[in-house]
There are 2 protein chains.
Amino acid sequence: MTVAIRPASDTFTPRQQVVLTAALDLLVEAGDGLTMTAVARRASCSKETLYKWFGDRDGLLTATVQWQAAKVRVPAVDRKTLDPVSLKLSIQQFARDLLSTIAGTTSVALNRLAITHATEDNGLGAIVLDNGRFTMGKRLKPVLEAGRDARMLRFDNAETAFRTFFGLVLRDVQIRLLLGDKFTLTAKEIEADAERATEQFFTLYGTNQAPRAR
Amino acid sequence: MTVAIRPASDTFTPRQQVVLTAALDLLVEAGDGLTMTAVARRASCSKETLYKWFGDRDGLLTATVQWQAAKVRVPAVDRKTLDPVSLKLSIQQFARDLLSTIAGTTSVALNRLAITHATEDNGLGAIVLDNGRFTMGKRLKPVLEAGRDARMLRFDNAETAFRTFFGLVLRDVQIRLLLGDKFTLTAKEIEADAERATEQFFTLYGTNQAPRAR
DNA sequence: GCCGAACCGTAACGTACGGTACACCTCCGA
DNA sequence: TCGGAGGTGTACCGTACGTTACGGTTCGGC
């Protein structure tokens, strides 16, 4: 499932980044209705340049997705200072970041695009999966395992535990947004959801070493 | 969010159902690459007939989605014979059906199509939401409330409880499939997942009246 | 100031496909 | 037998858009 990322994926020239930004904006606005002409106009460049730089429309889309996906940053957690409270706060912060990322218009547009083209052989779906769902898992797993080593969490399989966490945090939010359901999450709601999901996760996987609440 | 369903949405003639079946098959095979010509060829009818019956491409897609969505059946639960074991079995069966439906190729293709067109004003996204996610909620809620009335479940809001259940059952399955991740669920895995999700749901929302396990 | 490379703006080409027009066939009731 | 309604197959049109080609322009190095 790992996808070959362009070696120089983050070495776009400033001018190219302007183009990619324009493409991303148009993607959010018009979805897959994005045309090469529109990108060229928005970025004040010629189509010929687009084709020279990115090969074809697919290449431009792929570059855009990679470029944006690489910007997703998930917080790392310091394993040294591990006490029940900081563990829980780390997980809760992770939940908050995950939820606000997924609920953002950029994520929705990017996932829509990738899903639309998921059956083709350009790896858009795989790229989004790798930089989204799977990267999240890789980032949180060390935290979970640290919690387990410290006897604050109990689970057999970190992957399975993460998947449950993923479900508890996102629930139906992502699919509803992807399907065009117009509902927005305020910062306050995101915070409350993150706290709820974290509580539930500790209820399912916590030990008595960990803070519990209901 | 409620969508006006065609009054006669289930009164398609057999011949029309052949056309809709062909369209659905092509949808699964080719996704949005489905063309009117291909549908006409597959169903051995003329394009002119397609346009007479369904108006335009959008109408055909909408009819196909409605027709298939109406076929989704969610199990009803008999509230009379409510004991801890049957409640849990009902919920577990619901989880199994939900998971196997969502993981099916038809559901994936339909959701892809709806997501692709979610930004347009044809109500594909809304139709799928209504017949999928929201219908599921409406069907399970009475069960949950019956469980609460019988002191076997504890929650403030049935909608919120259902959303958590939804997340526990599906986790990352739907988004991964939509993004083209090639993984399949065997009947055995679906059964195990349904049981796990149900256990976790009871851990979170059950009372001591309900069967608990870990 | 000169040269070449890179880039811009735009026009044009090719194609795919939604949608339409039309000739022909089939069936059925009078 | 006949006529018309409904259906099939096919050719065709218009359009949108990806892609290419080309003339004009900017800019860095000498």
Exercise for review: State whether A:Arg96 and A:Glu195 are salt-bridged, where the test is any N-O pair (Lys NZ or Arg NE/NH1/NH2 against Asp/Glu carboxylate O) under 4.0 Å.
Suggested key: no

**Study point:** B:Tyr51 OH to C:dA21 P, straight-line distance once rounded to whole Å
**Key:** 12 Å

Revision key, fill the gap. Nearest heavy-atom approach of A:Arg15 to A:Ala43 is NH2-O, 3.0 Å

Exercise for review: Return the residues of residues 19-36 of chain A meeting this criterion: a heavy atom under 4.0 Å from some atom of DNA chain D. Order them by number, or give none.
Suggested key: A:Leu34, A:Thr35, A:Met36

List every contact pair, protein side and nucleotides 5-12 of chain C side both N or O, where the distance is under 3.5 Å.
residue: C:dC8; atom: OP1; partner: A:Arg15; partner atom: NE; Å: 3.4
residue: C:dC8; atom: OP1; partner: A:Arg15; partner atom: NH2; Å: 2.8
residue: C:dC8; atom: OP2; partner: A:Thr49; partner atom: OG1; Å: 2.8
residue: C:dC8; atom: N4; partner: A:Glu48; partner atom: OE1; Å: 3.2
residue: C:dG9; atom: O6; partner: A:Glu48; partner atom: OE1; Å: 3.4

Check your understanding: Between B:Glu159 and B:Arg133, is there a salt bridge with N-O shorter than 4.0 Å?
Key -> yes

Distance-only donor-acceptor pairs under 3.5 Å for side chains of residues 107-114 of chain A, two or more places apart:
residue: A:Ser107; atom: OG; partner: A:Asn111; partner atom: ND2; Å: 3.2
residue: A:Asn111; atom: ND2; partner: A:Ser107; partner atom: O; Å: 2.8
residue: A:Arg112; atom: NE; partner: A:Leu178; partner atom: O; Å: 2.9
residue: A:Arg112; atom: NH2; partner: A:Leu177; partner atom: O; Å: 3.1
residue: A:Arg112; atom: NH2; partner: A:Leu178; partner atom: O; Å: 3.4

Review point. Does A:Thr135 use its side chain to pair, donor to acceptor, with the backbone of A:Asp130 at less than 3.5 Å?
Key: yes

Check your understanding: In whole angstroms, how far is the P atom of D:dT8 from the CZ atom of B:Arg42?
Key -> 16 Å

Check your understanding: What's the CZ-P distance between B:Phe54 and C:dG19, to the nearest Å?
Key -> 14 Å

Exercise for review: Using whole Å, report how far CG of A:Leu60 lies from C1' of D:dC17.
Suggested key: 14 Å

Check your understanding: For B:Phe183, is the NZ or CZ atom of B:Arg176 found under 6.0 angstrom from the centre of its six-membered ring and inside 45 degrees of the ring axis?
Key -> yes

Practice item. For atom CG of B:Asn157, decide whether the heavy atoms of other residues, nucleotides or ligands shown that lie under 6.0 angstrom number more than 12. Key: yes

Point to revise | Residue among B:Phe201, B:Phe155, B:Phe202, B:Tyr205 satisfying ring-ring contact (aromatic ring centres under 6.0 Å, His included) with B:Phe165 | key: B:Phe201

